[in-house]
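I have placed the structure first, in the form of structure tokens, so that the comments after it can refer back to it.
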Amino acid sequence: TGKNVIHSVKGWFRKQIDDEQVVEVDATNLRPGVRIRLQIQQGMSGKMQNIEVTLPMDYMPGRPLRLRGLGRKIGPWLGDLYLRIVPKPFKI
């Protein structure tokens, strides 16, 4: 029971510092191995930050990419950013 409580607290804390974001990109840029420049909101401050991401060879649109250390910061702890890169809708 003691290990379960510790495990639950760790899980709750991780959810507090990890962040999720969705970014829309032109569909022509969503190919495995392509390096793209994105603008994301950094942690709880909401500051905009430019980052470059190389899409992994097994990339699928909508599947989150884990970017370590780019989530929320609480004290000395940094969370991870789970970034979903999706194609922009077509405009007619």
Side-chain angles (χ1 to χ4, degrees):
T1 54
K3 288 183 181 181
N4 290 338
V5 171
I6 291 172
H7 185 69
S8 295
V9 170
K10 281 184 180 181
W12 174 84
F13 186 71
R14 181 156 313 282
K15 287 179 185 176
Q16 301 306 307
I17 62 174
D18 285 346
D19 194 9
E20 294 182 24
Q21 290 185 39
V22 177
V23 176
E24 293 180 345
V25 176
D26 288 328
T28 55
N29 294 331
L30 294 180
R31 296 183 318 273
V34 170
R35 187 172 191 87
I36 55 177
R37 182 170 288 162
L38 305 169
Q39 194 172 46
I40 61 167
Q41 287 186 343
Q42 180 68 37
M44 290 195 285
S45 70
K47 271 180 39 179
M48 298 305 284
Q49 177 181 359
N50 292 320
I51 61 169
E52 284 191 5
V53 176
T54 301
L55 298 178
M57 295 311 284
D58 63 347
Y59 169 74
M60 292 173 50
R63 186 172 65 187
L65 301 175
R66 180 181 180 192
L67 303 176
R68 294 178 187 216
L70 291 180
R72 295 181 189 105
K73 181 177 180 180
I74 298 177
W77 298 282
L78 273 175
D80 298 334
L81 172 61
Y82 290 87
L83 185 65
R84 291 182 192 272
I85 303 172
V86 298
K88 284 183 183 177
F90 291 108
K91 293 182 181 178
I92 297 174

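Heads up: numbering here begins at 1 and tracks the sequence. The figures here come from the full heavy-atom set of this structure, side chains too, leaving out hydrogens, waters and symmetry mates.
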Do Asn29 and Leu55 pass the side chain to side chain contact (heavy atoms under 4.5 Å, CB included) test, and can you show the C-alpha distance, the side-chain angles, and the key distance before you say yes or no?
-> CA-CA 10 Å; Asn29 294 331; Leu55 298 178; over 6 Å; no
What pair of heavy atoms forms the shortest contact from [X] to [Y], and how long is it?
X: Asp80; Y: Arg68; answer: OD1-CA, 3.2 Å
X: Asp19; Y: Gln41; answer: OD2-O, 4.5 Å
X: Ile85; Y: Tyr59; answer: O-OH, 2.6 Å
X: Asp26; Y: Lys88; answer: OD1-CD, 3.6 Å
X: Arg84; Y: Arg63; answer: NH1-CA, 4.3 Å
X: Arg35; Y: Thr54; answer: NH1-OG1, 2.8 Å

Might you confirm whether atom CE of Met57 has over 12 heavy atoms from other residues, nucleotides or ligands at distances under 6.0 Å?
->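 Counting other residues, nucleotides and ligands, CE of Met57 stays at 12 neighbours or fewer.
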Side chain of Arg72, backbone of Asp18: donor and acceptor closer than 3.5 Å?
->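 At least one qualifying donor-acceptor pair exists.
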Is there a donor-acceptor contact under 3.5 Å from the side chain of Glu24 to the main chain of Pro89?
->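 Flag not set: sc Glu24 to bb Pro89 has no pair under 3.5 Å.
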When rounded to the nearest 0.5 angstrom, what distance separates [atom1] in [X] from [atom2] in [Y]?
X: Gln39; Y: Ile51; atom1: CD; atom2: CD1; result: 10.0 Å
X: Met60; Y: Leu65; atom1: CE; atom2: CG; result: 12.0 Å
X: Arg66; Y: Tyr82; atom1: CZ; atom2: OH; result: 4.0 Å

Hey, does Leu30 have a side-chain heavy atom less than 4.5 Å from the side chain of Pro87?
->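 With C-beta onward as the side chain, the pair touches.
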Beyond-backbone contact of Ile40 with Leu81, side-chain heavy atoms, under 4.5 angstrom =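 In contact.
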Please test Leu70 against Leu83 for side chain to side chain contact (heavy atoms under 4.5 Å, CB included), starting from the C-alpha separation and ending with a verdict.
-> CA-CA 10 Å; Leu70 291 180; Leu83 185 65; over 6 Å; no
Shared hydrophobic cluster, Val34 / Val23 (ILVMFWY, side-chain heavy atoms < 4.5 Å) |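 Result: yes, single cluster for both.
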Trace of the side chain to side chain contact (heavy atoms under 4.5 Å, CB included) decision for Leu38 with Val53 = CA-CA 8 Å; Leu38 305 169; Val53 176; 4.2 Å; yes
